[in-house]
Number of protein chains: 2
Amino acid sequence: MAKQAIWKDIAERITRDIAKGHHKAGEKLPTEVAYGTRFGVNRHTVRHAISALVEEGLVYTRRGAGAFVAADPVRYSVGKRVRFHQSVAEAGHQGSKELLSMTTRPADAEEARALGRRKGVQVHVVEGLARVDETPVAHFISVFPAARFPDLLAHLQTLNSITAAFAACGVQDYTRQETRLAAVNANATSATLLNLKVGTALLRSTNVDVDLDGQPVEYGRTWFSGNHIELTIDGSDTNI
Amino acid sequence: MAKQAIWKDIAERITRDIAKGHHKAGEKLPTEVAYGTRFGVNRHTVRHAISALVEEGLVYTRRGAGAFVAADPVRYSVGKRVRFHQSVAEAGHQGSKELLSMTTRPADAEEARALGRRKGVQVHVVEGLARVDETPVAHFISVFPAARFPDLLAHLQTLNSITAAFAACGVQDYTRQETRLAAVNANATSATLLNLKVGTALLRSTNVDVDLDGQPVEYGRTWFSGNHIELTIDGSDTNI
DNA sequence: CTCCATTTGTGCGTATGTATT
DNA sequence: GAATACATACGCACAAATGGA
């Protein structure tokens with residue numbers, strides 16, 4: 001072993017163990033005391049090593065619970081046709097969506113504007129949670145014009161897929177008209193749903209989807225957990 | 001004072017002292033023992049606070065010498081009008097870039113990886129601030145391989161434009177290989193530069209630019225103020 | 001639900017090493 | 001070389017959060 005600080009040796013050792021697959025993403029690492037016993041060092045020395053790994057982003061800790069291997073952020077491509085499942089699947093993860101609520105109510109000003117309707121028209125509102133490998137990574141609210149899709153919610157109940165429900169309502173295909181991205185601090189609702197602390201940075205995506213005739217069919221807002229999701233934009237067509 | 005760890009209080013206190021100008025760039029801070037006496041805490045508690053400031057980049061330490069203020073409060077302006085981010089300028093506002101500092105130092109692991117170099121190779125680092133209508137909206141750090149562009153910084157001083165400086169270094173054209181977006185909470189450095197509170201959500205863009213041969217020429221990170229910037233991606237322009 | 005063992009977070013005290021001045 | 005100052009390491013104690021009985 002190179003002549004250097006013990007805590008660096010331990011940090012490298014743990015890094016190698018993770019790289020070798022001895023500890024997989026999300027798994028709990030041995031406790032500080034266990035490492036201290038194994039390496040014959042003080043708990044503080046182990047803490048120094050682990051805190052360096054936390055700083056690197058390789059590990060995260062939860063007081064009272066332990067230290068865990070951090071999952072690589074899932075790279076979620078932004079584009080015309082890419083859907084959530086497809087994106088996470090490409091990244092080699094298991095994606096799932098849970099619908100939390102479905103309601104029908106009058107549209108507020110912004111929702112109406114985005115959908116090209118008048119304020120107060122009835123809209124279906126679907127709220128849900130997206131998970132990757134069981135970890136909640138995004139919270140979304142989608143708004144649909146109720147007049148055009150009277151049976152959308154019924155179809156959603158059974159199909160559990162917006163794309164499939166659209167198909168059942170006669171929309172064979174739809175595309176992303178526009179995506180707007182902003183960073184916001186998590187409020188109590190989002191923080192609870194995403195299992196984060198209030199104030200954590202979230203990536204908010206606002207989008208309008210249109211059918212093949214260019215008619216708006218969905219106005220959606222999604223709050224991505226900045227810790228778990230990284231949006232990627234491919235190529236030179238954007239200059240950010 | 002908020003109910004929080006003592007070391008955090010001390011870190012914030014020192015940060016404020018630096019911000020107020022009590023300690024200027026390059027100046028030596030009081031010793032750990034002196035801080036410990038002043039605040040009535042153990043030297044280790046002071047060390048914890050200072051190590052957090054080192055991590056933020058606000059302070060650096062030299063064993064045997066002391067702790068010093070790292071940030072340069074005297075920001076010398078190199079350029080006025082330079083090419084600005086397209087996504088900002090197209091909104092019809094007045095954009096400007098200010099170069100805050102230029103340095104050459106060894107690359108860290110991530111910078112080296114992004115540029116396809118080995119860790120520790122010399123890189124030019126340019127840090128700057130982008131404004132829209134005089135309001136700071138983005139903070140950026142660009143990293144270039146020094147071996148390939150030995151005279152880049154000199155050209156930047158006179159040309160005030162990265163594109164022009166590249167041209168002077170023999171790079172006729174370059175393209176955006178990839179853009180990754182994430183949401184992060186502002187640290188002390190970004191918060192100060194962007195005139196925001198620590199913890200405010202920022203949109204972080206990470207990109208790698210390559211020359212026509214596909215060789216990485218620039219690794220850049222930009223922190224956009226979430227309050228002032230909303231990135232838009234036109235669906236018809238992205239083909240993924 | 002409470003209770004309790006576990007685990008990380010914070011803080012203090014001490015000692016020694018190593019680089020700077 | 002001597003004094004100073006940061007770096008590393010050990011030990012002890014308690015706080016705070018977790019998670020299971």
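Every chain is numbered from 1 and lettered A, B, ... according to where its sequence line falls, protein lines coming before strand lines.
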Report summary line: To the nearest angstrom, the CD1-P distance between Ile6(B) and dG9(C) comes to 17 Å
Report summary line: Here the distance between atom P of dC6(D) and atom CG of Leu53(B), to the nearest Å, is 14 Å
Query raised in the report: Rounding to a whole Å, what distance do you find between Glu32(B):CD and dG13(C):C1'?
Result: 15 Å
Query raised in the report: Can you find a side chain N or O atom of Thr45(A) that sits less than 4.0 Å from OP1 or OP2 on dT8(D)?
Result: no
Report summary line: In whole angstroms, the gap separating P of dC10(D) from OH of Tyr35(A) amounts to 16 Å
Query raised in the report: Would you call the rings of Tyr60(A) and Phe68(A) parallel, tilted or perpendicular, where under 30° means parallel and over 60° means perpendicular?
Result: parallel
**Report entry** OP1 or OP2 of dA19(C) under 4.0 Å from side-chain N/O of Arg62(B)
**Finding:** no
Report summary line: Closest to the 5' end of DNA chain D, once His44(B) and Val33(B) are matched to their nearest nucleotides, is Val33(B)
Query - Interatomic distance where NZ belongs to Lys8(B) and C1' belongs to dG9(C) [whole Å] - result: 11 Å
Requested in this report: Nearest whole angstrom, please: distance from the C1' of dT8(D) to the CD1 of Ile10(A).
Outcome: 12 Å
Report task. Return yes if the base of dA7(D) and the side-chain atoms of Arg43(B) contain a donor-acceptor N/O pair under 3.5 Å, otherwise no. Result -> yes
Query raised in the report: Is any side-chain N or O of Thr61(A) closer than 4.0 Å to OP1 or OP2 of dG9(C)?
Result: yes
Report summary line: So CG of Asp9(A) and OG1 of Thr45(A): to nearest 0.5 Å the spacing works out to 11.5 Å
Requested in this report: Would you mind classifying the nucleic acid contact of Ile50(B) as base, sugar-phosphate or nothing, using non-hydrogen atoms under 4.0 angstrom?
Outcome: nothing
Query raised in the report: Within this structure, what is the CZ-to-P distance between Arg47(A) and dC10(D), rounded to whole angstrom?
Result: 14 Å
Report summary line: To the nearest angstrom, the CZ-C1' distance between Phe68(B) and dC6(D) comes to 10 Å
Report summary line: Trp7(A) has its side chain closest, among dT18(D), dT8(D), dT10(C), to dT8(D)
Report task. Would you give the length of the straight line joining atom NZ of Lys20(B) to atom CD1 of Ile18(B), rounded to the nearest 0.5 angstrom? Result -> 12.0 Å
Query raised in the report: Side-chain N or O of Arg63(A) less than 4.0 angstrom from OP1 or OP2 on dA15(D)?
Result: no
Query raised in the report: Is the base of dG9(C) touched by the side chain of His48(B) through a donor-acceptor pair closer than 3.5 angstrom?
Result: no
Query - Between CZ on residue Phe39(A) and CD1 on residue Ile14(A), distance to nearest 0.5 Å - result: 6.0 Å
Query raised in the report: OP1 or OP2 of dG11(D) sitting under 4.0 Å from any side-chain N/O of Asn42(A)?
Result: yes
Query - Any Phe149(B) side-chain heavy atom under 4.5 Å of Val171(B) side chain - result: yes
